[in-house]
Amino acid sequence: MGGSGSPGGCCKLLRGKPSNNAPSTVGGNRKLRRSGSAINDDEGIERLLDALRIDVDRRDTIVGDMFKKGLNPGEQRRLDLGLTVSLRAPDTLFCESPDLGLDSETSLNVMEFLKGYVAKDSNRRVIVTLDRPSLFVWNLVDNVILLSKGRVVYEGPRFDMESFFAYHGKPTPKRFSPLEHYIACVSNFRSDNNAVNWESALKQWQEKVDEDEGDYLADDIETCFPSAIPEVLLISANNETTAPSWGKSWFKFLALLQRSILDALKNPGILGLRILMYTPFTLFLGLLFYNLQDDENYESVNSRAALLFYSSSFYIFMVVAVLPFLAKERLICRKEVLNGCYHPITHHFAVSVGSIPNVVILSFIITLILAGMVKLHNPVQFFLILLLALWNAESYAILLSTCVTNYILGIIILAGIFGLAMSLAGFMLVPSMFPSYLRWLYLVPFHTYVFRSFMYNEFAGTSFGEMVLKSYEIEGTNIKQDMVVLLCYSLVIHCVSVAVLLFSSRGRTKKQKDP
């Protein structure tokens, strides 16, 4: 559900103004809206929130996520619908199980909002999938497609369903729910071949029965409990498929960048959780290698090399923790892109640049602890190398989020890539020990440049240190050159991400244009 994970207040989320708790998100930000957006003023937003039946005292409540409690599931579902229609007010709206997991009253509120949405424009239609809706919800439906075993057993107006079943000797018994009766008639507990029988019965009935025959029980509930259909005053935007405008891309980039940075600072799951993971591990390393003596012996060299390899591998590996949040942000991006708010590349650059402060903070914390407790040489250069290492890892995570929709699969793939790269970095096996046909792999992972830069930064400058570097076959390392390689490596990853976004964007555009 787009936006349900954001900590922003729901009313301010639609207005595009940051709340006191957290930033606004999703398509409500005015800087991201198209000129044809369905809502462009605060009064319209208030009317929409009234139609969504979100109480006034709940409109500044944070939406919430796994770390912070906010709106309840029903309010989140209604807010999601409000965000969807406020972006563009589409003529055709598809809703898959909008009542799933909601209580009867909330389900009715959602369906009444959808009913009010289509009531204001004859060109609009809402197509929903429902599984055993209540009679109050059922009474709001105009046309029905009833499926059983993947086959259509009824298609037509809801008012004609009773006459259809009565024609085939299955009228609704007195004091029995018509909906439950219809489902029971076509369910497999009556007959294994019932779906096929009803499919042929539908064709027979459509040929012989007058379409004007009514549903004798359809109006009973409406008579006793009239529906309260809200007024959803939204002007439909131009629904033609057009390419996103690049004229205001810079302003949209700044708006998305602001959103990304504020989310990272105020959503504890994006940055705070990673700090809580990195800090204890680094403190433990600092205690384990505390005041490590810079002696010219095997034990000291082996300990320092192991620490540097661990630093160049473990901290990079832990970047996989960001993938769940990137996946959620990608879902929000997809909704906004489909509604023409901005181009996906604009979002990609905003997220990429917005992740830089996170990387800087994490690198600074790690360097501060290790340099102070372990007495690493040249901590400033260690910080810069680690910064580029984490930035490359972050770039990989962003690339995976554009290619894989399931973040669990993304974590598995990224963990596999980083795990393989560790074995090629030159610590477990020096380059000359690689099989001749695999020696080229030594230069492929960015871990190689990180590890040998760490080693050169730590051991260069003394005759004994030069011997250590020579034993690892990295005595000719140029740190500045490797840092440039790391920077270019990240740029290549982002170029691949842009290519993926362009390919997928053109694919969606082509599908929309095809009849």
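Side chains are part of it too, since the values below use all heavy atoms of this structure and drop only hydrogens, waters and symmetry mates. Sequence positions, counted from 1, serve as the residue numbers for this chain.
Without hydrogens or angle criteria, Glu458 side chain to Arg304 main chain gives no donor-acceptor distance under 3.5 Å. With Ser312 contributing its side chain and Phe309 its backbone, the two residues share a donor-acceptor pair below 3.5 Å. A distance-only check finds a donor-acceptor pair linking the side chain of Ser497 to the backbone of Ile493 [under 3.5 Å]. In terms of modelled atom types and a separation under 3.5 Å, the side chain of Asn392 and the main chain of Leu486 share a donor-acceptor contact. Judged by distance alone, the side chain of Thr282 and the main-chain N or O of Tyr278 form a donor-acceptor pair under 3.5 Å. In this structure, the side chain of Glu473 does not engage the main chain of Val430 through any donor-acceptor pair within 3.5 Å. In this structure, Tyr442 contributes its side chain and Leu424 its backbone to no donor-acceptor pair below 3.5 Å. Looking only at distances, no side-chain donor or acceptor of Arg125 sits under 3.5 Å from a matching main-chain atom of Thr92.
With sequence neighbours left out, Asn72 forms a side-chain hydrogen bond (donor to acceptor under 3.5 Å, both in side chains) with Glu75.
For the pair Met467 and Glu475, the minimum side-chain heavy-atom distance is 4.5 Å or more. When side chains are defined from C-beta on, Leu283 counts as touching Met373, because their heavy atoms get closer than 4.5 Å. Taking 4.5 Å as the limit, some side-chain heavy atom of Leu502 sits within range of a side-chain heavy atom of His343. Annotation: side chain of Leu386 is in contact with side chain of Ile366 (closest heavy-atom distance under 4.5 Å). With contacts defined as side-chain heavy-atom distances shorter than 4.5 Å, the pair Leu93/Arg124 does not qualify. Side chains of Val126 and Tyr117 form a contact here, defined as non-hydrogen atoms less than 4.5 Å apart. At least one side-chain heavy atom of Ile411 sits less than 4.5 Å from a side-chain heavy atom of Pro324. Annotation: side chain of Leu256 is not in contact with side chain of Ser260 (no heavy-atom distance under 4.5 Å).
Ring-plane geometry between Phe451 and Phe427 is classed as perpendicular, the angle between the planes exceeding 60 degrees on a 0 to 90 degree scale with a lower cut at 30. Ring pair Phe454/Phe382 is parallel by interplanar angle, where below 30° counts as parallel and above 60° as perpendicular.
Checked against a 6.0 Å centroid threshold, the rings of Phe418 and His447 count as neighbours. Outside the 6.0 Å centre-distance limit, the rings of Phe253 and Phe349 are not counted as a close aromatic pair.
Nearest heavy atoms, Thr367 versus Ser363: OG1-O, 2.8 Å. When all heavy atoms are compared, the tightest approach of Tyr315 to Leu390 is O-CD2, 3.5 Å. Closest of all the heavy-atom pairs between Ile316 and Ala389 is CD1-CB, 4.0 Å. For the pair Ala460 and Glu466, the tightest heavy-atom approach, listed with the atom from each and the gap, is CA-OE2, 4.1 Å. The shortest non-hydrogen separation linking Leu370 to Gly286 is CD2-N, 4.3 Å. Closest approach of Ser395 to His494, counting heavy atoms only: OG-NE2, 2.9 Å.
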(request) Test Ile356 against Trp391 for side chain to side chain contact (heavy atoms under 4.5 Å, CB included), laying out the working first. (result) CA-CA 7 Å; Ile356 294 178; Trp391 172 241; 3.6 Å; yes
(request) Please assess Leu130 against Ser97 for the test side chain to side chain contact (heavy atoms under 4.5 Å, CB included), listing each intermediate value before the final yes or no. (result) CA-CA 5 Å; Leu130 299 172; Ser97 301; over 6 Å; no
(request) Please step through salt bridge (charged side-chain N to carboxylate O under 4.0 Å, His left out) for the pair Glu336 and Arg330, ending with a clear verdict. (result) CA-CA 10 Å; Glu336 293 174 339; Arg330 189 63 60 182; over 6 Å; no
(request) Show the numbers, then the answer: is there a side chain to side chain contact (heavy atoms under 4.5 Å, CB included) between Arg274 and Leu362? (result) CA-CA 8 Å; Arg274 296 174 69 186; Leu362 294 173; 3.6 Å; yes
(message) Checking Thr477 against Leu469 for the side chain to side chain contact (heavy atoms under 4.5 Å, CB included) test, could you report, in this order, the C-alpha distance in whole Å, the side-chain angles of both residues, the deciding distance, and whether it holds?
(response) CA-CA 9 Å; Thr477 298; Leu469 295 175; over 6 Å; no
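Glu299 CD: more than 12 foreign heavy atoms inside a 6.0 Å radius. By the 6.0 Å contact criterion, CD1 on Ile145 is open, its count of non-hydrogen atoms from other residues, nucleotides or ligands being 12 or less. Environment of CZ in Phe281: sparse, with no more than 12 heavy atoms of neighbouring residues, nucleotides or ligands closer than 6.0 Å. Other residues, nucleotides and ligands place no more than 12 heavy atoms under 6.0 Å from the OH atom of Tyr407.
Of the inter-residue distances, the one linking Leu487 atom CG with Tyr449 atom OH reads 14.0 Å to the nearest 0.5 angstrom. Atoms SG and NE2, on Cys333 and His348 in that order, are 10.5 Å from each other to the nearest 0.5 Å. The line from NE2 of His347 to NZ of Lys252 is 13.5 Å long, rounded to the nearest 0.5 Å. How far CD1 of Ile365 is from CZ of Phe383: 10.5 Å, rounded to the nearest 0.5 Å. To the nearest 0.5 angstrom, Ser423 atom OG is 9.0 Å from Leu441 atom CG. Summarising the geometry, atom CE belonging to Met277 is positioned 10.5 Å from atom CD1 belonging to Ile275; distances are rounded to the nearest 0.5 Å.
Note that Arg452 lies outside the cation-pi zone of Tyr472, set by a 6.0 Å cut-off to the ring centre and a 45° limit from the axis.
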